[in-house]
Undergrad: 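Input: one structure, supplied below.
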Amino acid sequence: MQIKDLFSKKKYATIPTERPKREIPEGLMNKCPKCGNIQYSKELEKNLKVCSSCNYHGRLNARERIAMILDDGIIQEFDEKMESVDPLNFPGYASKLEQQKAKSNLYDSVVSGEGKIGGFPVVIAVMSFDFFSGSMGSVAGEKITRAIELAHLKQLPLIIFSTSGGARMQESIYSLMQMAKTSAALAKFQGNGGLYISVLTDPTTGGVTASFASLGDYNLAEPGALIGFAGRIVIEQTIRQKLPDNFQTAEFNLQHGQLDKVVHRKELRTTIIKLLDMHAPSKGGNE
Amino acid sequence: MMSELPFEKPLSDLKKKITELKSLSNEKGIDFSEEIAILEQRCKQLENEMYQELSPAQKMQLARHHQRPTSLDFIQHIFTDFIELHGDRLFADDLAIVGGLAKFNGKPVTVIGHQRGKDTRDNIARFFGSPHPEGFRKALRLMQQANKFNRPIITFIDTKGAYPGDTAEERGQSEAIARNLREMATFGVPIICVVIGEGGSGGALALGVGNRVLMLENAIYSVISPNGAASILWKDASRADEAAEAMKITANDLLSFEIIEDIIPEPQGGAHRDYTEQSALVAEAIAKHLAELEKMSPTELIEDRYLKFRKIGQFRMAE
């Protein structure tokens, strides 16, 4: 053994330790996608999925939204099992539909039905971004139209929560025509005195924004929600400029006169109840 | 001079050969008449075959042909006494949409259409036929006027889509389109919409809620341009031809889906070959459908239009 060997770097064997890894059990904690703040999932749920640090409004699926907004959930759901028939036989569409159904536990991107808010009976339709990015094809258009027609028939207020990536390209012209169909149904309903409250949530874009979502007697939105017609990338390519960060946010739309009010999720239910109360049939005045 | 499309090259090559042969025959004094007759026969056959079996992608090229007649061309050929009216009374006059009063077969109508430019300068002024909100709002103002004075509304659809720009978003592009869709459902006058070139997305539909929607033989109509669909679906805009096929964008497709009521034939080789003949064919179709609609009362017209769009959609109940 030479003397320099005494100073050579020794190799150590690693022995696996029995100590449990300090990993966060899945589902217990949650990281805010906007500010990175880590909070308990239970706390986040209690806070209606709004980040306690930066106020980021997390996306809700249709079931979560309904649980949050209606008194006792949906009393009667309409056409729960309505599904697409792939009318154009579009390459890859049928399998994508199956995949989306499994992922979201829904048959398409709209859940609709009757329920109560603050005791007021309403017809409600809620879009779910977790099904096919909330895109509108024949099924979504038909379910929205039927909801409008039912509200018309029963003379009930109509509330639609929108969230959508836009048109369902795989249904091309059928998808486009749903914009006309839903808007025409609203013309009848609103022309007959019907009350329609539209709530635009993150994100609402394309053909949904350019039809029923923009046609509320009152257009509300959640803070920070992306609301617009064309996509940011397309616009940047067209005008060859970078767009500001706040472009197409709810606040941007409010500033440009496109919304009545931006409402924090915590106050959404009470705001809707107040609006419904303002339109409640008069009880005769001398109570 | 008609500029040719890539798929038309074999035909023009053959035509060139015939011309060459003819001049050679003249120069050298040799009789090629037999050969020329054979070639001309083949040329005619090729032309017939080619234009009778156009693929969706080829129709897309014809629909976008820069020499294709525009709304103003049809207005000039089909109507008389056209008075163009400008502005939305809110912000500006959008040149991507033209409109005004005119007479059709002697009767006053309101006519509105998307307007592409005829050259680069014109195209820049008209945003290549892609309207801003003020364009849709001008159209709405003219339609409300037509409804008030009980005039039929004729619209020509020819746009890649609403203008995708920051200023358009700021001024409420979505709201402008949505409002047109809703309001067009309420008018008690006949509305006839003719897709003359490209019908792209909500920007097309915003002039498209009619009792009758007609398409020129080679016109296309889709929820997004095939180029846009290809780049979103497959991250590859160069696969537009494939998307054109898959999206079923042709007049024949849309007639079979009962989305449109009629197809207006085009001269062989496309609408740009003969403006006069094409305009006569469009006028004939408008006259036919207008005569039917003029028999209806305002209430019937509204209900007819509602039912037309109400029935569109394909779905089923899962087991």
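Residue numbers start from 1 in every chain, and the chains themselves are labelled A, B, ... in the order their sequence lines are given, proteins ahead of strands. Since the structure is predicted, the reported quantities are computational estimates derived from the model, not experimental observations.
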Undergrad: CG/B:L205 to CG/A:L176 distance, rounded to the nearest 0.5 angstrom?
TA: 4.5 Å
Undergrad: Using the ring of each side chain (for Trp, its six-membered ring), is A:Y174 parallel, tilted or perpendicular to B:F257, with breaks at 30° and 60°?
TA: tilted
Undergrad: Let me know which of B:V209, B:V213, B:I259 forms a side-chain contact (heavy atoms from CB on, under 4.5 Å) with A:M177.
TA: B:I259
Undergrad: What's the spacing between A:Q258 CD and B:S174 OG if we round to 0.5 Å?
TA: 8.0 Å
Undergrad: Do the side chains of A:Q190 and B:R182 get nearer than 4.5 Å, heavy atoms only?
TA: yes
Undergrad: Would you say B:L233 and A:Y93 make side-chain contact, with heavy atoms under 4.5 Å?
TA: no
Undergrad: When you look at CD of B:Q144, are more than 12 heavy atoms from neighbouring residues, nucleotides or ligands closer to it than 6.0 Å?
TA: yes
Undergrad: Taking atom CZ of B:R316 and atom OG of A:S84, what is their separation to the nearest 0.5 Å?
TA: 7.5 Å
Undergrad: If you round to the nearest 0.5 Å, how far is OG of A:S175 from CD1 of B:I312?
TA: 12.0 Å
Undergrad: Could you walk me through whether B:Q173 and A:T209 pass the side chain to side chain contact (heavy atoms under 4.5 Å, CB included) check?
TA: CA-CA 9 Å; B:Q173 189 72 291; A:T209 321; over 6 Å; no
Undergrad: Tell me, for B:E303 versus chain A, whether the close heavy atoms (under 4.5 Å) come from the side chain, the backbone, both or neither.
TA: side chain
Undergrad: One thing to verify: whether B:K311 and A:E142 come together as a salt bridge, which I'm taking to mean a side-chain N less than 4.0 angstrom from a carboxylate O.
TA: no
Undergrad: Which answer fits B:Y306, side chain, backbone, both or neither, if we ask what part of it has an atom under 4.5 Å from a heavy atom of chain A?
TA: side chain
Undergrad: Just how far is it from atom OG of B:S231 to atom CD of A:Q237, taken to the nearest 0.5 Å?
TA: 8.0 Å
Undergrad: Chain A heavy atoms under 4.5 Å from B:E242: which part of the residue, side chain, backbone, both or neither?
TA: neither
Undergrad: Hey, does the side chain of A:S138 reach the backbone of B:Q314 with a donor-acceptor pair shorter than 3.5 angstrom?
TA: yes
Undergrad: Among A:T182, A:T145, A:L186, who wins on heavy-atom pairs under 4.5 Å with chain B?
TA: A:T145
Undergrad: For B:T186, which atoms come within 4.5 Å of any heavy atom of chain A: side chain, backbone, both, or neither?
TA: side chain
Undergrad: What part of A:A213 is in contact with chain B, defined as an atom under 4.5 angstrom from a non-hydrogen atom: side chain, backbone, both or neither?
TA: neither
Undergrad: Output the distance between atom CE (A:M82) and atom CE (B:M317), rounded to the nearest 0.5 Å.
TA: 3.5 Å
Undergrad: Under 4.5 Å, counting heavy-atom pairs only, tell me which of A:E236, A:Q255, A:R232, A:M169 racks up the most with chain B.
TA: A:M169
Undergrad: Among A:A210, A:G206, A:G191, A:S214, which residue forms the greatest number of heavy-atom pairs with chain B at distances under 4.5 Å?
TA: A:A210
Undergrad: Determine the minimum heavy-atom distance between B:F315 and A:V85, stating which atoms define it.
TA: C-CG1, 3.7 Å
Undergrad: Specify the closest pair of heavy atoms between B:V223 and A:A167, including all atoms of both residues, with the distance to one decimal.
TA: CG2-CB, 3.3 Å
Undergrad: Please identify, among B:A206, B:A168, B:A318, B:A185, the residue contributing the most non-hydrogen atom pairs under 4.5 Å to chain A.
TA: B:A318
Undergrad: Just checking A:I233: does its CD1 atom have more than 12 heavy atoms from other residues, nucleotides or ligands closer to it than 6.0 angstrom?
TA: no
Undergrad: Do side-chain atoms of B:E175 reach the backbone of A:L215 as a donor and acceptor pair under 3.5 angstrom?
TA: no
Undergrad: Take B:F127 and A:T238, measure what side chain to side chain contact (heavy atoms under 4.5 Å, CB included) needs, and give me the verdict at the end.
TA: CA-CA 11 Å; B:F127 289 91; A:T238 308; over 6 Å; no
Undergrad: Donor-acceptor check, side chain of B:K248 to backbone of A:L88, threshold 3.5 angstrom: yes or no?
TA: yes
Undergrad: Can you confirm whether A:F90 sits close enough to B:M247 that some side-chain heavy atom of one is under 4.5 Å from a side-chain heavy atom of the other?
TA: yes
Undergrad: Test A:K181 against B:R310 for side chain to side chain contact (heavy atoms under 4.5 Å, CB included), laying out the working first.
TA: CA-CA 5 Å; A:K181 182 164 99 179; B:R310 180 63 189 89; 3.9 Å; yes
Undergrad: Give the member of B:S201, B:A204, B:G208, B:A243 that has the highest number of heavy-atom pairs under 4.5 Å with chain A.
TA: B:S201
Undergrad: Measure B:R171 against the heavy atoms of chain A and call it side chain, backbone, both or neither at under 4.5 Å.
TA: backbone
Undergrad: For a side chain to side chain contact (heavy atoms under 4.5 Å, CB included) check, start with the C-alpha distance between A:F247 and B:E169, then their side-chain angles and the critical distance, and finish with the verdict.
TA: CA-CA 9 Å; A:F247 185 69; B:E169 296 286 323; 3.8 Å; yes
Undergrad: Which answer fits B:L254, side chain, backbone, both or neither, if we ask what part of it has an atom under 4.5 Å from a heavy atom of chain A?
TA: side chain
